[in-house]
Amino acid sequence: MTTAAIIGGSGLTDLKNLSITRREVVRTPYGEPSAPMVYGRLSGKEVVFLPRHGPSHTIPPHQINYRANLWALKQAGIRRVIAVAAVGGIAASLQAGDLVFPDQIIDYTYGRAHTFFDGEHKKVTHVDFTYPYCTELRGVLNEAARRAKIAATDRGTYGATQGPRFESAAEIVRMERDGCDIVGMTGMPEAALARELDLRYATIAVVANRAAGKERSLISLKEIEAHLEEGMTKVRLLLEHAIPLIAAD
Ligand code: HPA
């Protein structure tokens, strides 16, 4: 049985510590996922890895086929999904390179295929989304961070923006007023689609930069890449500790 799926984000298009056993090209009723699914072993358990921006990071956040990605995982019998996502830090305490396990989300995206429940002749369905992230999986991530001696913030509100541009300083001020601690472009509809499919879902957010207007300097892609590199090294180590802690049902 496959223990969990890991959805990789910017800075994590491959998992260096995964010993790959096979790749599978899959099709879904919603089209093709971002990449072939990569199966392998991590800390002795089978996991599957899917890079949401494609194997060479070519799919921008608003063009990701989130439905195909989540459907492909469900179809493969996966029950738990750990998503990795690069974010900007809004909360004063969050610096580039930090890790956050968000517990809430606010959706500012638009025009994305955001539900499985909208086909003709489909019964109107509403899912509970009070707590968007799985408490059990967030607990696993927190325990793994403790064991790996990696500092991480155990909660936070993720504001999901449309991108691909970064935000204006005023947009970040508004998001801060709304209660957002971090800002990223891929958190939605991914989290909601996972819930619609009854997948347990949690996110490791890697702070790549301070959000727009939070530093004197403008946002620099070069700096983001450097911080992501540092953050993703922690993510790989964190995952090595997290995977063995995941329940086998
Ligand atoms: N805003 C939105 N998405 C991001 C950011 C940001 O500042 N940094 C990394 N992903």
Side-chain angles (χ1 to χ4, degrees), residues 4-12 52-53 61 64 66 69-70 80-109 112 114 127-146 148 150-163 166-167 171-172 174-197 199-212 214 224 227-228 231-232 234-236 238-239 241-242 245-246:
I6 297 157
I7 300 182
S10 295
L12 195 73
R52 71 162 78 72
H53 297 284
I64 291 168
Y66 295 95
N69 287 352
L70 275 299
R80 290 174 175 82
V81 179
I82 298 177
V84 183
V87 297
I90 299 177
S93 59
L94 295 176
Q95 299 303 320
D98 288 354
L99 302 189
V100 185
F101 310 136
D103 63 333
Q104 278 298 333
I105 198 161
I106 299 178
D107 189 5
Y108 300 91
T109 67
R112 300 182 180 189
H114 65 287
V127 292
D128 177 83
F129 201 50
T130 312
Y131 301 106
Y133 298 97
C134 169
T135 312
E136 176 211 276
L137 267 188
R138 288 184 51 249
V140 163
L141 294 177
N142 277 306
E143 177 58 19
R146 198 185 64 77
I150 294 171
T153 302
D154 66 352
R155 56 165 55 88
T157 297
Y158 178 125
T161 55
Q162 179 70 356
F166 291 116
E167 300 68 39
E171 285 171 331
I172 292 298
R174 180 180 73 154
M175 292 179 76
E176 192 167 25
R177 258 197 324 264
D178 286 352
C180 295
D181 299 297
I182 50 179
V183 52
M185 301 174 190
T186 56
M188 286 293 277
E190 199 171 85
L193 291 169
R195 180 60 52 85
E196 286 189 354
L197 293 179
L199 290 164
R200 291 176 178 269
Y201 177 92
T203 290
I204 304 172
V206 183
V207 180
N209 55 286
R210 294 280 300 144
K214 292 290 177 192
I224 287 190
H227 291 304
L228 274 183
M232 291 309 164
K234 287 195 232 174
V235 168
R236 291 187 187 97
L238 180 73
L239 287 170
H241 283 79
L245 299 175
I246 294 180

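For the salt bridge (Lys or Arg N to Asp or Glu O under 4.0 Å) test, no residue two or more places apart in sequence or in another chain qualifies with Arg138. With sequence neighbours left out, Arg52 forms a side-chain hydrogen bond (donor to acceptor under 3.5 Å, both in side chains) with Glu190.
Counting only distance, with no hydrogens or angles, the side chain of Arg112 and the backbone of Ile64 share no donor-acceptor pair below 3.5 Å. One N or O on the side chain of Tyr66 and one on the backbone of Pro61 form a donor-acceptor pair closer than 3.5 Å. No donor-acceptor pair under 3.5 Å is formed between the side chain of Arg195 and the backbone N or O of Tyr201. Panel note: side chain Lys234, backbone Gly97; a donor-acceptor pair is recorded below 3.5 Å. With Arg200 contributing its side chain and Ala194 its backbone, the two residues share no donor-acceptor pair below 3.5 Å.
Atom CD1 of Ile6 sits about 4.5 Å away from atom CG of Leu239, to the nearest 0.5 Å. Rounding to the nearest 0.5 Å places OG1 of Thr161 at 12.0 Å from CD1 of Ile106. In this structure, OH on Tyr108 lies 14.5 Å from CE on Met185, to the nearest 0.5 angstrom. Atom-to-atom distance recorded for Ile150:CD1 and His241:NE2 is 7.5 Å, nearest 0.5 angstrom. Of the inter-residue distances, the one linking Ile182 atom CD1 with Met175 atom CE reads 9.5 Å to the nearest 0.5 angstrom. Once rounded to the nearest 0.5 Å, the distance linking CG of Leu199 with CG of Leu137 reads 10.5 Å.
Closest approach of Cys180 and Gly159 over heavy atoms only: SG-CA, 3.7 Å. Heavy atoms only, all atoms of each residue included: Thr157 and Gly179 are closest at CB-O, 3.3 Å. Closest non-hydrogen pair, Pro102 versus Tyr158, comes out as CB-CB, 4.1 Å. Heavy atoms only, all atoms of each residue included: Ala202 and Tyr133 are closest at CA-CD2, 4.0 Å. Closest approach of Pro132 and Ile105 over heavy atoms only: CG-CG2, 3.6 Å. Nearest approach of Phe101 to Asn142, heavy atoms of both residues: CD1-OD1, 3.3 Å.
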Test log, rule side-chain contact (heavy atoms from CB on, under 4.5 Å), inputs Val140 and Ile82:
CA-CA 10 Å; Val140 163; Ile82 298 177; 5.7 Å; no

Checking Asn209 against Lys214 for the side-chain contact (heavy atoms from CB on, under 4.5 Å) test, could you report, in this order, the C-alpha distance in whole Å, the side-chain angles of both residues, the deciding distance, and whether it holds?
CA-CA 9 Å; Asn209 55 286; Lys214 292 290 177 192; over 6 Å; no

side-chain contact (heavy atoms from CB on, under 4.5 Å) between Phe129 and Asp107, intermediate numbers included:
CA-CA 12 Å; Phe129 201 50; Asp107 189 5; over 6 Å; no

Audit row: Val100, Val87, side-chain contact (heavy atoms from CB on, under 4.5 Å) steps and yes/no
CA-CA 9 Å; Val100 185; Val87 297; 5.7 Å; no

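Between Glu143 and Arg146 there is a salt bridge, since at least one side-chain N of the basic residue sits less than 4.0 Å from a carboxylate O of the acidic one.
At a threshold of 4.5 Å between non-hydrogen side-chain atoms, the residues Leu141 and Leu99 do not count as touching. Proximity of Leu228 to Ser10: side-chain heavy atoms (C-beta onward) are separated by under 4.5 Å at one or more points.
When each of Asp178, Val183, Asp181 is tested with Ile90 by the rule side chain to side chain contact (heavy atoms under 4.5 Å, CB included), just one qualifies, namely Val183.
Applying the salt bridge (Lys or Arg N to Asp or Glu O under 4.0 Å) test to residues at least two apart or on different chains, the pairs with a partner in residues 92-104 are Asp103-Arg155.
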